[in-house]
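Working notes, structure below.
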Amino acid sequence: MIHITFPDGTVRQYPKGTTALEIAASISEGLARNVLAAKVNGKVIDATRPIEEDATLQLLTWKDKEGKATFWHSSAHLMAAAIEQLYPGAKFGIGPDIENGFYYDIDLGDTVLSSKDFEKIEQKMKELAKKKDAYVRKEVSKADAIAYFREKGDEYKLELIDELQDGEITFYQTGDFVDLCRGPHLPDTSKIKAVKLLSVAGAYWRGDETRKQMTRVYGITFPKASELKAYLHMLEEAQKRDHRKLGAELELFMFSDKVGQGLPIWLPNGTALRTRLEDFLKAEQIKRGYQPVITPHLGKKDLYVTSGHYEKYGKDSFQPIHTPHEGEEYLLKPMNCPHHCEIYRHRPKSYKDLPIRIAEFGTVYRYEQSGELHGLTRVRGFTQDDAHIFCTPDQVKDEFLNVLDLTKYVLQKMGFEDFTAQISLRDKEDRSKYIGSEENWEKAEQAIMDAVKEAGLDAVVEYGEAAFYGPKLDFMVKDAIGRSWQLGTIQVDYNLPERFQLEYIGPDNQPHRPVMIHRAPFGSMERFVAVLTEHCGGHFPLWLTPQQYAILPISDKYSDYAEAVQQQLAAAGIRGNIDRRAETIGRKIRDTEVKKIPFMLIVGEKEKQAGTVAVRRQGEGDIGTMPVAGFIDYFKKLL
RNA sequence: GCCGAUGUAGCUCAGGGGUAGAGCGCAUCCUUGGUAAGGAUGAGGUCACGGGUUCAAAUCCCGUCAUUGGCUCCA
């Protein structure tokens, strides 16, 4: 007998060689039906594998991340099996699960697959799933594995096998389809009830553009048809909220071929929104001891040679600008940091001056590959809500706390509730690739962990993800429809202070090197406005939205009264305009609704006589008539 | 940059080897209306750009550019 310890701490006895599935069945039939895989001693394995010794056991279902991953990985196999039957001779690369679903890279020879073929493949997958074929695990020798795929003529699998050790190679078989795979997999295919292929795309074998391009088919599956329906609904919702679509509809921004790819042009509405965001953050930063500065959009090449950015961006980015003067070269700034370092050097610093917090909404230019560009989230010219904090190593923790607090405050104010952090630290073993003293790194990493703990922030720690010049923390937010975005970032930097020879005089009357912290709560104005637009579906927070109301006169006879109302609202700091068109009131309401303007104030004879406005809330309808002062009160309570 | 898709009026799109279509928007006129589209008339297009095939190209072919879904990358 072996002892199985469950997550709640209870221990039960089972015969040696019992499977997780059998254990589940001993608890309840329903549980057994729902088990997708098992975590045994912390390792995810097939629920059908015998457990040979005492172990901790977690039964994985659809609710668990690993359960979903197993489900989708098995679905990738199912799709490959279907494609193999429909397209004999197809060769397979890799087919993993991903965040939402799975994909498989396939070499179909000359056959071109398009979304028109999806239904056929989906049908085949469903047909195969119904057969309830088990996913059978087989340990094979390297020689046998090579023989099998050589026979099949699949050079991709042969290449993968070549990199594996003999003795650790396993095959999984479902029906007639055999795949090289580490597993784990579902007990059988019947769990896969709902299937949807999502897209095809080209993808290089092993991500290497010098190698063969394969067809990557993306799909997603669910254990229930209703869940697929809900997922597709979410995708539709995401499409409706796409900031490129809303940005055009609400006239926030545009692009012009004549101006250039990836160079966003902010229209009046977008500018109103962005300016308000900037003003909000600026005011908050001044409260927290930041000093705003303004620096030029260019800098001499030498500046970037000193900073090291020339090496990184010089060749692959916008080319240097040559002036009429011989040999003079300027670069569009890819970063604000070098300019800020020069500000630090402006005059000698004492330890008593630190920390110094230099802030700038700095527009930077980076040449992104054309395929990279995407709406406002990926552009070639963007404005960072940048600031650099220069401090002593001992001040790092307090500064981090300050920045975490600011970032949390700012994001909450925008209606983001769900955020987490990712802390990127050094590789645990290889420390050679990092610059800066061991002592300072140790101090900074500890400071970040402590600050995050004190701030009460959920964080995951990733080792080996730190930049060569310092550890960092990224803010991840979840939006209203459950997607994660990386926004704010805080990075410690030991490199630039070194390169720019930054110093401060300590209490010991000796020069010391300050630590530099880069931080941007929004990341960039462009990206943030994009994420915010999608998060709130174009219904921006009331305090932020470009137009807070529209006055809709019943006819042009009430224009004067409309203007009087507008003046009162303006005096109260509420912004909006008057729809003076000679249209019916129904029409004006419709157009204003579509523009997502939060309040409609309808004025006609009755309102003019009584000094009131008939208030309509966007998306909700008539909320009653009130005196203008009453509306102002009502409105202010909502801010 | 690479692979795929797309490019027709300001917008959304239909059509398609033989003189270019709709709805919305826009302009003018009529209408002065009470909570999601009032009516009439009209203007708007080198069918992305360049080349080729053809008696004839917006349509077929090639190239370029842009947009878009991916691949690598980052804010």
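Since we're looking at a predicted model, the values are computed, not measured. Excluded from the calculations below are hydrogen atoms, water molecules and symmetry mates; all remaining heavy atoms, backbone and side chain alike, are included.
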### Query
Would one find a side-chain N or O of A/R378 under 4.0 angstrom from OP1 or OP2 of B/U67?
no
### Query
Could you give the CZ-to-P distance, from A/R206 to B/C3, as a whole number of Å?
22 Å
### Message
With rounding to the nearest 0.5 angstrom, report the CG to CE distance, A/L496 to A/M335.
### Response
8.5 Å
### Task
For nucleotides B/G17 and B/C26, find the distance between their P atoms and express it as a whole number of Å.
35 Å
### Query
Does A/K157 reach the main-chain N or O of A/G93 with its side chain, forming a donor-acceptor pair under 3.5 Å?
yes
## Note on the structure
Ranking B/A36, B/A75, B/G33 by distance to the side chain of A/V594, first place goes to B/A36
### Task
List the steps, then state whether ring pair (Phe, Tyr, Trp, His ring centres under 6.0 Å) holds for A/Y156 with A/F92.
CA-CA 7 Å; A/Y156 304 103; A/F92 297 91; 9.6 Å; no
### Task
Report yes if a donor N or O on one partner sits less than 3.5 Å from an acceptor N or O on the other, where the partners are the side chain of A/E607 and the base of B/G34; otherwise report no.
yes
### 5'-most by nearest nucleotide on RNA chain B - A/K606 or A/T377
A/K606
### Message
Syn or anti for B/G44, given that syn means the glycosidic angle lies within 90° of 0?
### Response
syn
### Task
Check the pair A/K608 / A/E605 against salt bridge (charged side-chain N to carboxylate O under 4.0 Å, His left out), numbers first and verdict last.
CA-CA 5 Å; A/K608 185 179 171 182; A/E605 189 59 31; 5.7 Å; no
### Query
Starting at CD of A/Q261 and ending at C1' of B/A48, how long is that distance when rounded to a whole Å?
14 Å
### Task
Let me know the distance between CG of A/D107 and P of B/C3, rounded to the nearest Å.
16 Å
### Task
Determine the contact category for A/V364: base if any of its heavy atoms lies under 4.0 Å from a base atom, sugar-phosphate if only primed atoms, P, OP1 or OP2 are that close, otherwise nothing.
nothing
### Message
I need the CG-C1' distance between A/L376 and B/A75, as an integer number of Å.
### Response
12 Å
### Task
Provide the distance between the two P atoms, one in B/U72 and one in B/A14, to the nearest whole Å.
32 Å
### Query
Okay, side chain of A/D385, backbone of A/G523: is any donor-acceptor separation there less than 3.5 Å?
yes
### Query
A/K472 NZ to B/A75 P: how many Å, rounded?
6 Å
#### Entry: Span that lies between the C1' atom of B/C47 and that of B/C60, in whole angstrom
15 Å
### Query
Which nucleotide in the set B/A75, B/G34, B/U32 lies at the smallest distance from any side-chain heavy atom of A/K557?
B/U32
### Message
Output the rounded distance in Å from CD (A/E583) to P (B/U31).
### Response
15 Å
### Task
Quote, to the nearest angstrom, the P distance that separates B/U12 from B/U28.
25 Å
### A/P334 versus A/Y304, closest heavy-atom pair with distance
CD-CE2, 3.6 Å
### Query
Does a side-chain N or O from A/H374 land closer than 4.0 Å to OP1 or OP2 of B/G69, or not?
yes
### Query
Nearest nucleotide by nearest heavy atom, which residue falls closer to the 5' end of RNA chain B, A/T584 or A/Q491?
A/T584
### Task
Take A/F468 and A/Y434 through the test ring pair (Phe, Tyr, Trp, His ring centres under 6.0 Å) and record every step on the way to the result.
CA-CA 5 Å; A/F468 75 92; A/Y434 305 101; 8.7 Å; no
### Task
Please work out the stems of RNA chain B from pairs that are Watson-Crick or G-U wobble with both distances under 3.5 Å, keeping only runs of three or more consecutive pairs.
B:1-7 with B:65-71, B:10-13 with B:21-24, B:26-30 with B:38-42, B:48-52 with B:60-64
### Task
Kindly confirm or rule out a cation-pi arrangement of A/K282 over A/F361, judged by NZ or CZ under 6.0 Å from the six-membered ring centre and within 45° of its axis?
yes
### Query
Taking the same atom, P, in B/A48 and in B/A57, what whole-Å distance lies between them?
15 Å
### Query
Expressed in angstrom and rounded to an integer, what is the separation of A/Y561 atom OH from B/U32 atom C1'?
19 Å
### Message
Once you measure the plane-to-plane angle for A/F255 and A/F253, does it fall in the parallel (<30°), tilted (30-60°) or perpendicular (>60°) bin?
### Response
perpendicular
### Message
At 4.0 Å (heavy atoms only), tell me whether A/A614 reaches a base, stays on the sugar-phosphate, or touches nothing.
### Response
base
### Query
How would you label the contact of A/L487 with the nucleic acid (heavy atoms, under 4.0 Å): base, sugar-phosphate, or nothing?
sugar-phosphate
### Message
Could you tell me how far B/U41 sits from B/U68 if I compare only their C1' atoms? Round to whole Å.
### Response
39 Å
### Query
Would you call A/Y218 stacked on B/G70, i.e. ring centres under 5.5 Å apart with the planes less than 30° off parallel?
no
#### Entry: Separation of the P atoms in B/A58 and B/A75, to the nearest angstrom
47 Å
### Task
Remember a base hit wins even if backbone is also touched, and classify A/R380 as base, sugar-phosphate or nothing at under 4.0 Å, heavy atoms.
nothing
### Query
Which part of the nucleic acid, if any, lies within reach of A/G604 when heavy atoms closer than 4.0 Å are counted: base, sugar-phosphate only, or nothing?
base
### Query
Which one, B/A75, B/A36, B/U68, comes nearest to the side chain of A/Q486?
B/A75
### Atom pair distance, as rounded to whole Å: CD1 in A/I554 and C1' in B/G34
4 Å
### Message
Side chain of A/I589 only, heavy atoms from C-beta on: which candidate in B/G34, B/U68, B/A36 is closest?
### Response
B/A36
### Query
Of the nucleotides B/C71, B/U35, B/G1, which one has an atom closest to the side chain of A/R216?
B/C71
### Task
Write down the distance separating the P atoms in B/A5 and B/G63, rounded off to the nearest Å.
12 Å
### Qualifying residue, where the test is side-chain contact (heavy atoms from CB on, under 4.5 Å) with A/L473 and the options are A/L404, A/T407, A/T489, A/V461
A/L404
### Query
Given B/U32, B/A36, B/A75, which nucleotide is nearest the side-chain atoms of A/D556?
B/U32
### Task
Give a yes/no on whether any side-chain N or O of A/S555 is located under 4.0 angstrom from OP1 or OP2 of B/U32.
no
